[in-house]
Amino acid sequence: MSSCAKAALLLALAFATPAFSAETTLEGTMRALAAVPRSSATFSEEKSIPELSMPLPSTGTLSWTAPDQLEKHTTYPIDETLRVRGDRLTLERPAQNMRRELSLDESPEIRPMVEAIRSTLAGDLATLRKYYDVSFGPAGEGWHMRLVPLSISIRAALQQVDIHGHAAAVQRVETRGNDGITRLLITPAP
Amino acid sequence: MPPRIVLLRLGGALLLLALLGVALFRAIPIRAEMTDLLPPGRTPAAEFLLRELRSGAATTLLLAGIESAPEPELARLSRAVGEGLRESGRFSFVGNGAQDLTEGERDLLFRYRYLLSPSTSPELFETPALAAKLAALLDGLRSAASPLLARFGFADPVGAFFDLLKGWLGQSRVQLRQGVWFAEDAAHPRALIVARSNASGLDVEAQAAAVAVFRDSFAAAGPGAARLLVSGPGVFGAEAAAAIRADVEMISVLSALLIAGFLWLRYRSLLMLAAVAVPLAAGTLAGAAAVALAFGAVHGAALGFGMTMLGVVVDYPLLLITQRRPEETLAQTARRIWPTLRLAAAAAALGLTGMIASGFPILAQLGLFGVAGLLVGVGVTAGLLPWLLPGAVFAPRPLPAVLARGFGRLRGLRAVALVVPLAGLVLLALGGPRWEDDLARLSPIPQAQRDLDEQLRRQLGAPDVRGLVALTGPDAETVLRRAEAVEGALAPLVSRGVLGGFDSPARYLPSTATQRARQAMLPTADTMRARLAEAAAGLPFRPDAFARFLDALAGSRDLPPLVAGDLGRLPVLSARLGPLLSQADGQWQGLVIPNELRDVAALRQALDGLADPAILWVDVKAETEGVVATTTSQALLWCGLGGLAVLGLLAAGLGRGWRGIPAALWTAAPIIGALLVTVTVLALAGQRLTPFHLAALLLAAGVGMDYALFLGASANSGAAEANRTLGAVFNCTMTTLLTFGLLAFCGTPVLRGIGLTVAIGVIAAFLLALTLSPPSAPPLAPRQKAPN
C-alpha cells in the first residue's frame, strides 16, 4: 500500500468516528456545526425587560441553511418573520403589512447580534472572533460558549451571549442586553 | 543661401521673442476659474443661479469614482482615500460608506428630539395618542427589533426621535457593499466618494489643493490598476484648460508641420517659415500680455483659443512677401501695400472689439487677445519684417497650371455669387440658424468630463433639480423662518399631489422661533406622569418605566434652542444642512428644493401668496436657457455693431465722404456673402451657434476682408500684379485652412466650432472675393510668368 493511500485511509477513519467521541473542543465543535448543511427546530423565547412587570413570551420555528441563511418565524403571540441571508436582514409582520429590510454592512450595531447565532450555526469561528471574545468549555453532557462583544459601544447594548449546546446542536441561547435578558430554548424538529 | 545678415537678424528676433515668451508666461498668471467660462446673468434669478454656479455650495462638492479593480480592492481603496481626505482637514464632509451618527452627535440629537422633531405637537402628549404609542411600544418589544426599541422607546415613547431620523432619510441610490458606497447601475463595480471641501468655490487654489489631496490619497493607497475619476466644479476649470491646452498643442504641432510643408512647396525656402513665425509669435505674445494687463490674468481656455485664432496673422507676412514686385525691396512693398494692409487689419480688429464689451469674461479675453494680436502682428510685418530680411528674396513658385487656369476663369465670374442668395434661401428653409440653448455646451468643459459628472451625480442620487426656491436674509434665523414659511405654503401642494416633496433647511434645523414654540407645547412632568398612568392602564409597564422620558421632557423645556453656531458638534446634521443653508459676504442664504414638481404655476402661485421679495423662485432650466439666449443676443448685437463700424472704416479708408460707401459695400459684399454661406453650411452640418461661433465668424470676416481688399486693389494694376496678389491670397487661404481645418478634428467642441466656422468662411470668402473682383487680363500661363 502506498503511503498516499494509507493517509487517505487514516483520514477516512478519522471522519468515520463521531465528532464527539473525542474531547469537546471549540474547534471540534465548530467543525461539527459547520458540517450541518441544514436544520430546523422549534423555539420558545422569554424576554425579561426591566421596565415591564412581566416577561414577554413567544414561540415559533427556526430554520438554518448553510452557509448563511437563518429564519426565525415567530407564530405566537404575533406573526413575525426575521430572515437573514448574506448581508440582508428582513423583518416582516404580515398582520401590520410591515416589511423592513436592511443591510448588515450598513448596521454595525445589529451585525454582532446576528452573527452570535448565525456564525455559531455556521461553525464560523473566524467571524465570531471578529466581534466577540469567545470562551468555551464543556458543560454537563455538552458544551457552553460565552460571547462578550469586543467593541465597547456594542457592549453598551449587548453585554454577553451564552450559548449552550450538545454535539452539533445549539440548545439554549441567553442574551443579556439593554432590553434585559432573553432566553431562547431550541428543540430540534423531528 | 540667404545672406548672413538675414540669418543673424531673423535668428536674433526669434530668439528675443522666445525669451520674451518664456518671461511673459512665467510672469502672467494663467487662470483656470470656472467663473470666466460662465456668461453674465441679467435677471435676479439668473444672477442667483450663476452665483451659485460660481461660488455656491455645489461648487465645493467633489464627486469621485474608483473603478477597474475587483470589489474588495475598490472598497479598500475607497476607505484609504476617505481616511486620507478626512485627515487632510481640507474637507468639511467626506462620505464613502455607512455614515453613522457618532455617539456624541446621536446623544445631542436625542437630547434635542422634542425641539427638532416635526412630530412635536400638543396632541402627541395627550392621553389618546399616548395610549396608542404605548401599545405600539409593547408590540415592538415583543418583536425581534426589541433591542432597538428598549434602547430608545422608554426614554421616548412618543417616537419623536425616530420621526426625526425618518425625515432625514434621503432617497439615496447608492449601494453599500463591503462597507462602502458602490454605484448601483454600473456595468463594472465603481466605488463612490463625495467630499465637500472647506474652501470657497471661488478659491481656485484651495479647490485645486483639495483635488490634489484626492489624487495623492489615491496614489498613496497603492491603487495598482484601479482608476480614480474625480469630478466637480473644482475640477472643471482646470480640466477645460488642460483639454484645450492638449488640443492646442496637437493643432499647433500638426499645423506648423503642414504649413511648413506648404510653404516649402510654394517658396522652397525654410527661411520663409522663420519669417512668418516672427509676426505670429509677436502677435501671440502681445495678445497674452494685453489680456494679462487688462484682466490681471489669462484664462487657460482664452489662451488656447486665442493662440489658435491668431493663426490668421500668418497672412500678413505672406501678403507682404508674396506681393513684392521684382524691382522692389521688401520695405518698398511694405510702404506700397501699407494702406490696404492697415485697413484690412484695422477692420478685422474693429470687428473683434465688440467681443470685449460682451460681458462674457472668456469672450472678452478672447476679443482683446485677437485685437492686440492682429494689430501687433500687422505692425511687426510692415515695420520690422523688411528690416529683418534685407535683400532676402523669396520667389513664390507659380500656381499649378490647373489652379491658375481655374482661378482665372473664376475671376469675375459673377454667376458664382448666386450661391449667396441660394444659401439665403436654404437658410430660410431651415428656419434660420439654430442657436445653442444649453449653458453646459457654451462652456469649453470637455464633453467626457461633463458626462462623468452627470453619471456620478446620478449614481450618487443627487436630485435632478428642475428649479429651486432661494431665500436670503441677514442671519440664519431669518432664512430658516422664511424656509418654514415656504414649507407652509408648499405643504398643500404636496397633499394635492402636485408636488412630490421638498428638501428644506428648516427640516434639519428648525428656526429658534419654532423650537421655542415646541418647548412651549411640552407638558410638565407632573401632568405627563398622570397622563402616562392613564394611558398605560392594563399594560405591563412598571410605574417607573418612563422615568427617563419624564426627565427628558423637563430637560427639553430648558434647553437653549439649537442654532447654526452649534453645527460644529453635529457633523452629519451639517452635512445634510450644508448645501441648503450657507453664509456668504455677511448674507445668509437658504434653498428649498422641490422634487417631482408637476405644476410650476401652482408652485409659483403658492410662493407669490407669501409676498416676500426675499423668497425667489429660480427655474433652473428656463434661467440657464435665458442666460444663454441673452448672452448670444448680446454677442450678436456687438457683432452687428462691429460689422457696421467695419463698414464705416472701409468707407473712410476707400474714399472720401459718401463716395466711400459704395466702394465699402462692394468690398464688403463678398464677406457678407461668405458669412451667409458659412452660417448656412453650419446649419446644414447641424451645428448650434454659440457666441464662440460668432467670434469665429468675425475672425473669418476679418481674414476674408484681406482677400477682398487686396484682390480688389490689385485688379487694375495689370495682369502680373493681379496674379502675384492672387498667388499671395491663395497662399493665405491655404495656410488658414491648414490651421483651422485641423481644428475641426479636435475634442473641445468650442475649438471644433471655431475651426469649422473659420475654414468654411475663408473658403467662401476667397471664392467670392475672387469672383466678385473685377476681371483682369487673362492669367499668364505658368511658363510665361515673369520670374520674381
Side-chain angles (χ1 to χ4, degrees), chain A residues 45-58 60 70-74 76-84 86-93 95-96 98 100 102-114 117 152-154 156-159 175-180 182 184, chain B residues 71-72 75 79 95-104 106-107 134-157 162 166 169 172 174-182 184 532 536-550:
Chain A
E45 192 180 51
E46 210 169 72
K47 279 185 209 172
S48 306
I49 299 174
E51 283 89 349
L52 297 187
S53 53
M54 58 177 216
L56 299 176
S58 61
L70 179 63
E71 190 181 289
K72 182 184 180 191
H73 184 187
T74 308
Y76 169 86
I78 41 163
D79 189 14
E80 180 184 86
T81 308
L82 177 73
R83 202 175 283 121
V84 186
D87 161 58
R88 311 305 295 178
L89 180 150
T90 45
L91 182 63
E92 281 180 83
R93 298 180 89 176
Q96 280 142 305
M98 185 203 85
R100 293 272 158 73
L102 59 84
S103 145
L104 291 177
D105 282 336
E106 222 168 321
S107 321
E109 301 193 354
I110 296 176
R111 174 142 228 165
M113 302 189 194
V114 170
I117 309 284
I152 297 174
S153 63
I154 299 294
L158 174 70
Q159 286 85 48
T175 310
R176 268 165 211 279
N178 66 346
D179 57 338
T182 306
L184 180 73
Chain B
E71 220 173 84
R79 271 191 288 268
N96 65 335
Q99 193 196 352
D100 266 337
L101 292 169
T102 62
E103 219 155 308
R106 193 190 50 215
D107 289 349
L134 293 188
L137 174 61
L138 187 66
D139 190 42
L141 288 170
R142 291 181 200 278
S143 112
S146 63
L148 195 64
L149 282 159
R151 185 161 187 183
F152 298 107
F154 293 107
D156 181 25
F162 285 138
K166 224 183 285 168
L169 291 177
S172 163
V174 294
Q175 250 188 7
L176 203 79
R177 297 207 292 265
Q178 320 249 359
V180 305
W181 288 342
F182 273 90
E184 193 158 52
L532 269 176
L539 299 176
F541 292 107
R542 289 185 196 277
D544 59 349
F546 300 104
R548 284 187 286 160
F549 173 50
L550 296 174

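For the numbers below, each heavy atom of this structure counts, side chains included, while hydrogens, waters and symmetry mates do not. Here is how names work: the chains are called A, B, and so on, in the same order as the sequence lines, proteins then strands, and each is numbered from 1.
- Contact record, A:K47 with B:A144: NZ-N, 4.5 Å, taken as the closest heavy-atom pair.
- A heavy-atom distance below 4.5 Å is not found between the side chains of A:L52 and B:L539.
- Within the 4.5 angstrom heavy-atom criterion, atoms from both the backbone and the side chain of B:D139 approach chain A.
- Across all their heavy atoms, B:R151 and A:A157 have their closest contact at NH1-CB, 4.1 Å.
- In terms of heavy-atom pairs under 4.5 angstrom with chain B, the leader among A:Q96, A:E80, A:E45 is A:E80.
- Among all heavy-atom pairs drawn from A:I78 and B:R142, the shortest one is CD1-CB, 4.2 Å.
- Only the side chain of B:F154 comes within contact range of chain A, with heavy atoms under 4.5 Å apart.
- Rounded to the nearest 0.5 Å, atoms OG (B:S143) and CE (A:M98) are 6.5 Å apart.
- A distance-only check finds no donor-acceptor pair linking the side chain of A:S53 to the backbone of B:F541 [under 3.5 Å].
- A distance of 8.5 Å separates CG in A:L56 from OG in B:S146, rounded to the nearest 0.5 Å.
- In this structure, chain B has a heavy atom under 4.5 Å from the backbone of A:P50, while its side chain stays farther away.
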